[in-house]
Undergrad: 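Dropping a structure here in structure tokens format, bear with me for questions.
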Amino acid sequence: MSRFRLASKGYARSTAGDVIIFLILGGAAIFMSLPLVYAICQAFKPLNELFIFPPQFFPRHPTLDNFSDLFLLMAQSWVPITRYLFNSLFIVIMGTAGNVLFGSLCAYALAKHNFPGKRLINNLILFSLMFAGSVLVIPHYLTMAYLNWINSYAAIIVPAWAATLGVYLMRNFIDHMVHESLLESARIDGASEFDCYWRITMPIVKPAWLTLIILSFQNLWGEQGGMFLYAEELKPLPYALSQIIGGGVGRAGVAAAVTVILMIVPITVFIINQTQIVQTMGTSGIAGE
Amino acid sequence: MSATISEPKVAVDAQVAQPKQGRLRTLWESMKENKVSYLFVGPFVILFTIFVVIPILISIGLSFTYFNMVQPPSWVGWGNYLTLFLEDEIFLIAVKNTLFFAAITGPVSYILCFVFAWLINELKPKLRAFLTLLFYAPSISANAFMIWTVMFSGDAYGYINGILLYWGIIDKPIQWLQDPTYMMGIVILVVLWMSLGVSFLTFIAGLQGIDNTLYEAGAIDGVRNRWQELWYITLPSMKNHLMFGAIISITNSFAAAGQLQALTGATPTDWATWTIMQHVNDYGYVRYEMGYASAMAVLLFITMVVVQRLVQRLLAKLD
């Protein structure tokens, strides 16, 4: 925790340095958040203000019309919009859970065990990160067709479990944060390898899997189903919303509302996770004193 | 690869020179000895093989064929690769653009991610969580960057044009996203704006994970200011994460396509923002020439691996 860390530092930090850092962060924060604030402002503008000249940043007469229009359009959808929402949540939760579980299991062995084939797996994971995903779509499709998974949630969820980014990330953190001596003493006390993984390693690397949850969640939340989900009642929410805003200029206000609504869920998950990261660090910092 | 390895048994076994039969047996013995490890890696490795490794191998194979997704692939040997360099002028433009784009966005985004993570890490927890959200927010929403198309819209309704016209700096709207003078610059700006993503979050988590006792020991050993602390303690402890971030930067910058296409359209003026990845997608999904598209993907892959090796060598000097 920073309070402990700052207190433990045995040297003075220059005030000028602090001021400069503060200015850089403040300026950058404004630049980074500007387009997001803009997106939110757009969503609350009446249609005529969206096309005003010269363009205005903030809405002059804020309105909820865009949102009520959107809900009206959603209500007309012949597959209930809640079904799309369920599809999205199901895919996101199952996909993320499997990704974290299988990824961290594998990462634990890669970081803390030594066995024939380990280097090969490590290298394959590293290299696969650098192969352009979009040429893999066809082989991927063929695999799905062979497995008879086209038009099922599995076509999206199961490949998400094989996402390599997570393993690589978890392996780095386990390698770096979990000390061998800790595992050794647990083994002497009779802990099984699974205990070492589940009860010792996972709590220590909580920041890593919280980060992985954010990444995986975000990836799958944007999922539109593409060529793998044909049936309308299996399509995820972003697909349904993109259909609604496909209606041209007249739907500009609704489109702005959609942008905001699609952002709310990942941002909420992000905030919960980041506060968790801060909290874990707080406790483990004290425990380490 | 990993720094701490407990049982050196396997390594010792492998070093002992033995006849082939014996070596296989030793390998089998040590595999049996480590069967718990295989239970751990098993589920992921099976999934990874089916959904990642095999598709990649198929795609490498296809790169030596002509495959239009209707007829079965026919073998053309190095034909696709030769066509790419000898006949496809747009590909060569794409190569030039990609290298330029990657040379700027790769290192800059990497440094931005680290610098901001490092600066934010010094703050109090609540402020840190809030700023992390602000910096990360552009990557959180899949299409937040589309705001920039409104900003840089070519008509008088675009924000930048609107303001410049209003102030009298220009007297007619500039076609920001159609004029090759500005296109690449704007695209780079937007991509950098979105670049505080995966690596940024990893760096923050990584900085949080550095053992406090290292800093205490450093202070005793005579670390006098934050630069020395950064150089002698923080960076060496972050080596794993720095390599991870480098790979993310390399893949993002060399394989960029989506954002560029969304900003400057499917057929940018003079191909000014056309990248290899866009060329891949064009051949793969518009023209259905999977063999040709795969050949480009293989070349791109080799480029990235070479760059990654170089970066790894650079990072190895951090000790």
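Computed from a predicted model, the values in this text were never measured in an experiment. Here is the naming used below: chain letters follow the sequence lines, and residue numbers restart at 1 for every chain.
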Undergrad: Side chain, backbone, both or neither: which part of B:Ala255 has an atom under 4.5 Å from a heavy atom of chain A?
TA: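 Answer is neither: B:Ala255 stays 4.5 Å or more from chain A.
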Undergrad: How about B:Phe130: does its CZ atom have over 12 heavy atoms from other parts shown lying under 6.0 Å from it?
TA: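 Result for CZ/B:Phe130: open.
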Undergrad: For chain A, find which of B:Phe244, B:Phe254, B:Phe67, B:Tyr283 contributes the most heavy-atom pairs closer than 4.5 angstrom.
TA: B:Phe244
Undergrad: Quick one: does B:Thr132's side chain get under 4.5 Å of A:Phe270's, heavy atoms only?
TA: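 In contact.
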Undergrad: Shorter than 4.5 Å, heavy atoms on both sides: which option in A:Ser33, A:Ser128, A:Ala107, A:Ala208 has the most such pairs with chain B?
TA: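 So the answer, after comparing A:Ser33, A:Ser128, A:Ala107, A:Ala208, is A:Ser128.
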Undergrad: So which part of B:Ile247 gets closer than 4.5 Å to some heavy atom of chain A, the side chain, the backbone, both or neither?
TA: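 Just its side chain gets close to chain A.
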Undergrad: So, for A:Met144 and B:Phe51, which heavy atoms are closest and what is the spacing to 0.1 Å?
TA: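 Nearest heavy atoms, A:Met144 then B:Phe51: CE-CE2, 3.3 Å.
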Undergrad: Given that the side chain runs from C-beta out, which part of B:Met290 has a heavy atom under 4.5 Å from chain A: side chain, backbone, both or neither?
TA: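 For B:Met290, the side chain is the part near chain A, not the backbone.
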Undergrad: Given heavy-atom pairs under 4.5 angstrom as the criterion, report whether the side chain, backbone, both or neither of B:Val280 touches chain A.
TA: side chain
Undergrad: If you count heavy-atom pairs under 4.5 Å between each of A:Val167, A:Asn99, A:Leu142, A:Ile271 and chain B, which one has the most?
TA: A:Val167
Undergrad: Please rank A:Ile214, A:Leu169, A:Val269, A:Val205 by heavy-atom pairs under 4.5 Å with chain B and give me the top one.
TA: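 The option with the most such pairs is A:Leu169.
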Undergrad: Among all residues two or more places apart in sequence or in another chain, which pass the side-chain contact (heavy atoms from CB on, under 4.5 Å) test with B:Ala217?
TA: none
Undergrad: Between B:Leu119, B:Ile58, B:Thr251, which residue shows the highest count of heavy-atom pairs closer than 4.5 Å to chain A?
TA: B:Leu119
Undergrad: Which heavy-atom pair separates B:Val41 from A:Phe115 by the least distance, and what is that distance?
TA: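 Closest approach of B:Val41 to A:Phe115, heavy atoms only: CG1-CZ, 3.8 Å.
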Undergrad: Where on A:Ile125 is there a heavy atom nearer than 4.5 Å to chain B: the side chain, the backbone, both, or neither?
TA: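 Interface part for A:Ile125: both.
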Undergrad: Under a 4.5 Å cutoff for heavy-atom pairs, which residue among B:Val305, B:Val52, B:Ile276 has the most contacts with chain A?
TA: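 That would be B:Val305.
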Undergrad: Does the A:Asn172 side chain pair with the main chain of B:Asn240, one donor and one acceptor, at a distance under 3.5 Å?
TA: yes
Undergrad: How long is the gap from OG on B:Ser37 to CG on A:Leu105, to the nearest 0.5 Å?
TA: 12.0 Å
Undergrad: Rounded to the nearest 0.5 Å, how far does NZ of A:Lys118 lie from OH of B:Tyr38?
TA: 11.0 Å
Undergrad: So, using side-chain contact (heavy atoms from CB on, under 4.5 Å) as the criterion, who are the partners of A:Val265 when residues are at least two apart?
TA: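 A:Val265: side-chain contact (heavy atoms from CB on, under 4.5 Å) contacts with A:Phe217, A:Trp221.
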Undergrad: Can you spot which of A:Gln274, A:Gln218, A:Met32 makes a side-chain contact (heavy atoms from CB on, under 4.5 Å) with B:Tyr136?
TA: A:Gln218
Undergrad: Atom CD1 of B:Ile60 and atom CZ of A:Phe131: how far apart are they, to the nearest 0.5 Å?
TA: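 Nearest 0.5 Å value for the CD1-CZ distance: 5.0 Å.
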Undergrad: Using heavy-atom distances under 4.5 Å, tell me whether A:Thr143 contacts chain B through its side chain, its backbone, both, or neither.
TA: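 For A:Thr143, the contact with chain B is made by the side chain alone.
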Undergrad: May I have the step-by-step check of side chain to side chain contact (heavy atoms under 4.5 Å, CB included) for A:Leu25 and B:Phe116, ending in yes or no?
TA: CA-CA 8 Å; A:Leu25 282 178; B:Phe116 281 117; 3.8 Å; yes
Undergrad: Out of A:Phe173, A:Phe102, A:Tyr168, return the one with the most heavy atom pairs under 4.5 angstrom to chain B.
TA: A:Phe173
Undergrad: Show the numbers, then the answer: is there a side chain to side chain contact (heavy atoms under 4.5 Å, CB included) between B:Gln308 and A:Leu126?
TA: CA-CA 10 Å; B:Gln308 187 265 337; A:Leu126 181 69; 3.6 Å; yes
Undergrad: More than 12 non-hydrogen atoms from neighbouring residues, nucleotides or ligands closer than 6.0 Å to CH2 on A:Trp198, yes or no?
TA: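 Open.
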Undergrad: Measure the OG1-CG distance between B:Thr202 and A:Leu215 for me, rounded to the nearest 0.5 Å.
TA: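 Atom-to-atom, B:Thr202:OG1 and A:Leu215:CG are 6.5 Å apart.
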Undergrad: Name the region of B:Leu196, side chain, backbone, both or neither, that has any atom closer than 4.5 Å to a heavy atom of chain A.
TA: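 For B:Leu196, the contact with chain A is made by the side chain alone.
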Undergrad: Sub-3.5 Å donor-acceptor pair from the side chain of A:His176 to the main-chain atoms of B:Ser237, do we have one?
TA: yes
Undergrad: With chain A, which of B:Ile120, B:Val198, B:Ile204, B:Leu300 has the greatest number of heavy-atom pairs at distances under 4.5 Å?
TA: B:Val198
Undergrad: Heavy-atom pairs under 4.5 Å with chain B - which of A:Gly103, A:Ala109, A:Pro139 has more of them than the others?
TA: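 Max contact count across the listed options: A:Pro139.
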Undergrad: Chain A heavy atoms under 4.5 Å from B:Val45: which part of the residue, side chain, backbone, both or neither?
TA: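 Contact with chain A involves the side chain of B:Val45 alone.
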Undergrad: Between B:Phe40 and A:Tyr108, how do the two ring planes meet: parallel, tilted or perpendicular, split at 30° and 60°?
TA: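 Tilted.
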Undergrad: Which value, rounded to the nearest 0.5 Å, describes the distance between A:Leu129 atom CG and B:Ile248 atom CD1?
TA: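 Result: 6.5 Å between the selected atoms.
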Undergrad: To the nearest 0.5 Å, what is the distance between CG (B:Leu201) and OG1 (A:Thr211)?
TA: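 Reported value, rounded in 0.5 Å steps: 6.0 Å.
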Undergrad: If you define the side chain from C-beta out and look only at heavy atoms, does anything of A:Phe194 sit under 4.5 Å from B:Val36?
TA: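 Sidechains of B:Val36 and A:Phe194: no contact.
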Undergrad: Between the side chain of A:Trp161 and the main-chain N/O of B:Phe44, is any donor-acceptor distance below 3.5 Å?
TA: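 Between the backbone of B:Phe44 and the side chain of A:Trp161 there is no qualifying donor-acceptor contact (under 3.5 Å).
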